[in-house]
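The block underneath contains the structure these notes are about, expressed in C-alpha cells.
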Amino acid sequence: FIEVYDPVRPLYIDVRVDGVSDLTESADLMSEKICRFIMGPWRYGYIGQYIRENYSYLESDEVDYLTNECFSLAVAQRMVDPRLSQEIFSVLIEDEELNIDGLLRFRDPAFFDMTHAIVDDHIDSYLASREYEAFVGVLRYFLETTPITPGRVHVICDQGLVRGIDEQGIALNLSKMHEIAQAVVDQDLHPQDILMSALITRSPESLVIHTKDIHDDFVQTLLRVFRSRAVICGSDPQCDIFMSKIDNDTINLYTTL
C-alpha cells in the first residue's frame, strides 16, 4: 500500500507491503511503482506548483493549460533517470518512509533542472505567442476602422526585403510614414514595420503577396491582419504580367524602401 496525505503532490510516501516476507523483493516491487508515481501524478503536481509560484501573474485557467502542456512535453521527452528507481530501492531497504522532495534534490538534482527548463522554455514561447496575438489584434482593429481604398496592392517579400507596389507598378511612398515613425520612436524602425503601417493606412481592397517562403513571419502577419483581403500569389497570369513590368523597372523596385 502507498499512503499519501496529498494525492497531487505529497511530500512523503508511507509504504507497507503485505504478503511478501523478503525485504529486498518488496523494496524492488515498490520502487518501480513509486518511480512511476513520481514521474506521473507527483511531477504533474510539482509543475503546477512551480508555475503558480514563479508566474503568479498568469490566470488560473492559463496555469491549468500550461501545466497540462508542460507535463505532456516532459512525458514526450521520456524524462526519467534510470537511476531513480534504484535510488528509491536503496531508501526502502533502510526505511519504510520516503521523502520524495529530499530524494530528488539530493540524489537526482537533474530532475528539477530538466523540469524547470521544459516549463520555462514553454512559458516563454506561450507569452511571446500571447503578445503576438495582442499585436495582431491591434493591427486588425486599425485596419478594420480605416476606410477601404479600391484597388490592389502587391507586396514582394524576398529574403528579408519587403516592397509595396500599386497596380501601376509604382512603389508606395513610405517617406511620410518614415517621418512619423522617427518623430514618435527614438530609433530606426524595421522596414517591415513601416510598410505594415503604410498598408494599414492605405487599407487596399486586396493584397497580393509574392514570396517563396509562405512561413515567413512578416508574410504570416500580413495574412492574419488582412485575412480575406490577402492572398499568396500563385500561377495568376495577371501577376506574371505585373511582375514582368517590375523586372523591367528596377528603379521603382529597389527604391521602395
Side-chain angles (χ1 to χ4, degrees), residues 1-18 20 25-138 215-217 220-221 223-224:
F1 296 93
I2 300 178
E3 182 179 351
V4 298
Y5 67 87
D6 181 351
V8 177
R9 185 175 174 261
L11 182 61
Y12 287 93
I13 291 181
D14 293 324
V15 180
R16 187 178 83 251
V17 181
D18 293 334
V20 180
E25 184 181 354
S26 63
D28 184 58
L29 175 69
M30 296 307 300
S31 61
E32 180 183 351
K33 297 184 181 301
I34 293 174
C35 183
R36 290 181 60 185
F37 175 79
I38 292 175
M39 292 297 106
W42 193 90
R43 179 169 55 180
Y44 181 88
Y46 177 80
I47 289 173
Q49 182 185 37
Y50 178 81
I51 293 175
R52 284 189 292 273
E53 291 178 353
N54 292 274
Y55 300 93
S56 57
Y57 49 83
L58 293 173
E59 300 291 338
S60 59
D61 58 337
E62 291 179 302
V63 172
D64 293 340
Y65 167 76
L66 289 168
T67 298
N68 289 326
E69 288 279 300
C70 294
F71 178 73
S72 297
L73 287 172
V75 171
Q77 293 187 18
R78 300 184 181 277
M79 198 194 75
V80 179
D81 188 336
R83 298 174 301 173
L84 180 58
S85 181
Q86 183 60 40
E87 294 290 354
I88 295 172
F89 173 82
S90 62
V91 172
L92 294 179
I93 285 292
E94 302 171 359
D95 196 349
E96 292 182 346
E97 188 174 74
L98 175 66
N99 184 318
I100 300 177
D101 193 79
L103 172 78
L104 294 174
R105 292 191 184 280
F106 295 105
R107 301 202 184 196
D108 192 12
F111 171 88
F112 291 106
D113 294 337
M114 295 171 67
T115 301
H116 297 167
I118 290 172
V119 174
D120 294 338
D121 289 347
H122 189 65
I123 291 183
D124 285 346
S125 298
Y126 170 79
L127 294 176
S129 176
R130 189 174 69 171
E131 291 176 4
Y132 175 73
E133 292 297 329
F135 171 69
V136 169
V138 170
H215 300 293
D216 177 80
D217 290 341
Q220 287 299 312
T221 301
L223 291 172
R224 297 196 63 185

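What you see is a predicted model, and the numbers here were worked out from it, not measured in a lab.
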Return the minimal non-hydrogen interatomic distance between [X] and [Y], and the atom names on each side.
X      : Y      : answer
Val63  : Gly48  : CG1-O, 4.3 Å
Arg105 : Pro109 : O-CB, 3.7 Å
Pro41  : Arg36  : CD-O, 4.2 Å
Cys70  : Ile118 : O-CG2, 3.9 Å
Met39  : Phe111 : CE-CE1, 3.3 Å

Please report the interatomic distance [atom1]([X]) to [atom2]([Y]), rounded to the nearest 0.5 Å.
X      : Y      : atom1 : atom2 : value
Cys35  : Glu87  : SG    : CD    : 11.0 Å
Ile88  : Ile93  : CD1   : CD1   : 13.0 Å
Leu127 : Leu66  : CG    : CG    : 8.0 Å
Ser85  : Asp28  : OG    : CG    : 7.0 Å
Thr67  : Tyr50  : OG1   : OH    : 12.5 Å
Tyr55  : Asp120 : OH    : CG    : 3.5 Å

Are the side chains of [X] and [Y] in touch, meaning some heavy atoms are under 4.5 Å apart?
X      : Y      : answer
Asn54  : Ile123 : no
Ile100 : Trp42  : yes
Leu103 : Asp108 : no

Side chain to side chain contact (heavy atoms under 4.5 Å, CB included) between Leu104 and Leu84, intermediate numbers included: CA-CA 8 Å; Leu104 294 174; Leu84 180 58; 3.8 Å; yes
Flag if over 12 foreign heavy atoms under 6.0 Å of [atom1], [X]:
X      : atom1 : result
Glu133 : CD    : yes
Glu32  : CD    : no
Tyr132 : OH    : yes

Side chain to side chain contact (heavy atoms under 4.5 Å, CB included) evaluation trace for Leu73 with His122: CA-CA 9 Å; Leu73 287 172; His122 189 65; 3.5 Å; yes
Ring centres under 6.0 angstrom apart (Tyr46, His116):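 Yes: the rings meet the under 6.0 Å criterion.
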Listed partners of Arg130 passing salt bridge (charged side-chain N to carboxylate O under 4.0 Å, His left out), at least two apart: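 So Arg130 forms a salt bridge (charged side-chain N to carboxylate O under 4.0 Å, His left out) with Glu62.
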Contacts of Arg52 that satisfy salt bridge (charged side-chain N to carboxylate O under 4.0 Å, His left out) - sequence neighbours left out: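 Salt bridge (charged side-chain N to carboxylate O under 4.0 Å, His left out) check on Arg52 returns nothing, list empty.
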Short side-chain to backbone donor-acceptor contact, Ser31 and Ala27, under 3.5 Å: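 Judged by distance alone, yes, a pair lies under 3.5 Å.
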Set of ring pair (Phe, Tyr, Trp, His ring centres under 6.0 Å) partners for Phe89, sequence neighbours left out: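 Phe89 satisfies ring pair (Phe, Tyr, Trp, His ring centres under 6.0 Å) with no other residue.
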